[in-house]
Amino acid sequence: MCGIFAYSWRRKDADSILLHGLERLEYRGYDSAGITVGNDAHVVETFKAVGKVSALVKEVSKKRPSDAFYQFGIAHTRWATHGGVTVENTHPHSDVENRLFLVHNGIVENHSDLAERLSSAGVSFYGQTDSEVVAKLIGKETAARLRTGSPDSLLEGVEAVLPRLEGAYALVIMHADLPGELIGVKYGSPLVFGRDTKTGDSFFASDVQALAGYADQVTFLDDGDLVRIKPDGTYEIRSEGFLVSRPFERVETEHLKTEKGNFEHFMLKEIFEQPKIMKAVFQGRVDFEHLALNAAAFQDLRDIDIERVKFIACWTSYHAGWAGAYAFREYAGMSATVEIASEFLNSPVRVDPKILYVFVSQSGETADAIEPLKFIKEHGGKTFGIVNVVGSSISRLTDFGLFTRAGTEVGVASTKAFTAQLAVVTLLALFYAIKRGEDFRKYRSALNDLAKLPEVLQSVLSSSGEIAEVAKELAKRPHLFFLWRGSMLPIAAEAALKFKEITYLHAQSMPLGELKHGTLALIEESCPSVVFLPDDALFAQNQSSISEIQARWGKVLAISAKPVQNADWNLVLPSAPGLTFAFAATVAGQLLAYHAALELGREIDRPRNLAKSVTVK
Ligand code: G6P
């Protein structure tokens, strides 16, 4: 999704700082990139390129005069929403005089009306974006104030336009004639303001990770915040026109640790990190020796009276929520459901004080999840966040929460963040099992299983080579099914999603029992299936479904807890008892997708059209 990076003011290589910032934002997914830089001689230059940041780097080195210096600027990676992937639509966007420039994340919903009014006043547009309309508007207001000599022209120009914008935005704005000055505004889309306290330099970024090593202090802006960086390096933060102060935090150097190491791709590295992450998830939260749960969040929940649970999330995180709903029913005996966040408000909603609304999100910035979260809060609902990115919007908006502690995830296809989510939703369900005095034997056996997870996942990783062999076979076929019964639903759905995301092959998850009610018509030799078989009461039934598929010439990969005699390929995960099978099968599904995508030569870490964090609705 779109990324923002901005810098002001004491160094003379703003262009290289901005390009480096954009490289750090690349993992979010984008299709074009651009920067505008300026200096105290009122010179500004804009460079844009369709494609990767590397193309922009080439463009800058080709066109930048060798003796040029740039002291401030704004940068952007664009993931197209309004208007095609063209140089014209690439940010930064400018006003009619080419003096004001801005970068924008989010969507301004009333841009057509605003554009129409500007057009009738004689303004023409070079592109199709909503962002360009905002640039034209702020440019007009600022130019009028500059003519009066107001020292606050840019601030006043921005403040005159903001009330006219409907939708979500994070904006950073600069003006050629106001060197060093930057204005950052957040409403609905994330924006972080950072300072290097040693030099007094200032930064903005859509993602705190991009600021590591540049800023030592950051503040996560609230909706409605406006930050003005002045040419003397000082800054002010305003909200609704008043000066406010916001707490600053240190930037964790952990954010810098995003190298691939010896792995060919971030995704593979992240898959292999999972045993370690399981340990991090449980650290200080689970006392396996005394079978106790100690997380602070559980203390918070102790006095809260709820009867039901509703998970709300988007795709991968939605699958984790689905697993959470199963776990609540299984261990806590509670009614629990999962809802697709982007659909939550599309039918009548009654916020119920007896429901705990659990938002699951890797990034914590997914606009489709933030909207229902705000709605539920406004209507008095109790909200809980299961989020990976510390300081993100969802982690700050929810009443209670647990971080997933998966560390920075760079691969667009989520892997380690998902298994961490699975572990956390399970812990939450187990907390309610104890709180409600449910079957202690089940609770104990679940905790004993969780204790084995690092080891279990390690053993699946050691089968990577074996999985690669089957993946090569599956990659030859255009369609495949991921089939399940019972609690394997979210695991199969996630495996199918992973496969689609990075192989670009069609994969669909479906209940084994439903196959014969229609989909069996698609089964033939070129349409294989992956079937998940934990060692449970459904094993024999699952095995006979495999024979039904094979009778139609369909080939079957069985991912199972014990050998499946009739499978064409069988990946047996014998060391994954009980609850751990779901985690082990998840990792197997991730490796299957990875190796198939590798075989097909796909761009694994940044699959086409996808973004890591989707901050627009
Ligand atoms: C995007 C990503 C998915 C992710 C979903 C939810 O679509 O490409 O991988 O599952 O957003 O993201 P979240 O950050 O809320 O977990």
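Read the numbers this way: they start at 1 and go in the same order the structure lists the ligands and their atoms.
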Tabulation required: pairs of a nitrogen or oxygen in ligand 1 and a protein nitrogen or oxygen under 3.5 Å; columns are atom names and distance to 0.1 Å; otherwise 'none'.
| from | atom 1 | to | atom 2 | distance (Å) |
| --- | --- | --- | --- | --- |
| ligand 1 | 8 (O) | Ala611 | O | 2.8 |
| ligand 1 | 10 (O) | Thr316 | N | 3.1 |
| ligand 1 | 12 (O) | Thr366 | OG1 | 3.4 |
| ligand 1 | 14 (O) | Ser361 | OG | 3.4 |
| ligand 1 | 14 (O) | Gln362 | N | 3.4 |
| ligand 1 | 14 (O) | Ser363 | N | 2.7 |
| ligand 1 | 14 (O) | Ser363 | OG | 2.6 |
| ligand 1 | 14 (O) | Thr366 | OG1 | 3.3 |
| ligand 1 | 15 (O) | Ser361 | OG | 2.6 |
| ligand 1 | 15 (O) | Thr366 | OG1 | 2.5 |
| ligand 1 | 16 (O) | Ser317 | OG | 2.5 |
| ligand 1 | 16 (O) | Gln362 | N | 2.7 |

Worksheet item: Thr86 side chain to Asn89 main-chain N or O, any donor-acceptor pair under 3.5 Å?
Response: yes
Worksheet item: Can Lys269 and Asp605 be counted as an ion pair, charged N to O under 4.0 angstrom?
Response: no
Worksheet item: Would you say Gln299 has more than 12 foreign heavy atoms packed within less than 6.0 Å of its CD?
Response: yes
Worksheet item: Taking side chain as C-beta onward, heavy atoms only, is Leu598 less than 4.5 Å from Tyr594?
Response: yes
Discussion item. Quick check against the 3.5 Å criterion: does Thr316 have a side-chain atom that pairs as donor or acceptor with the backbone of Ser414?
Written reply: no
Discussion item. Students often mix this up, so state it plainly: with edges at 30° and 60°, are the rings of Tyr214 and His20 parallel, tilted or perpendicular?
Written reply: perpendicular
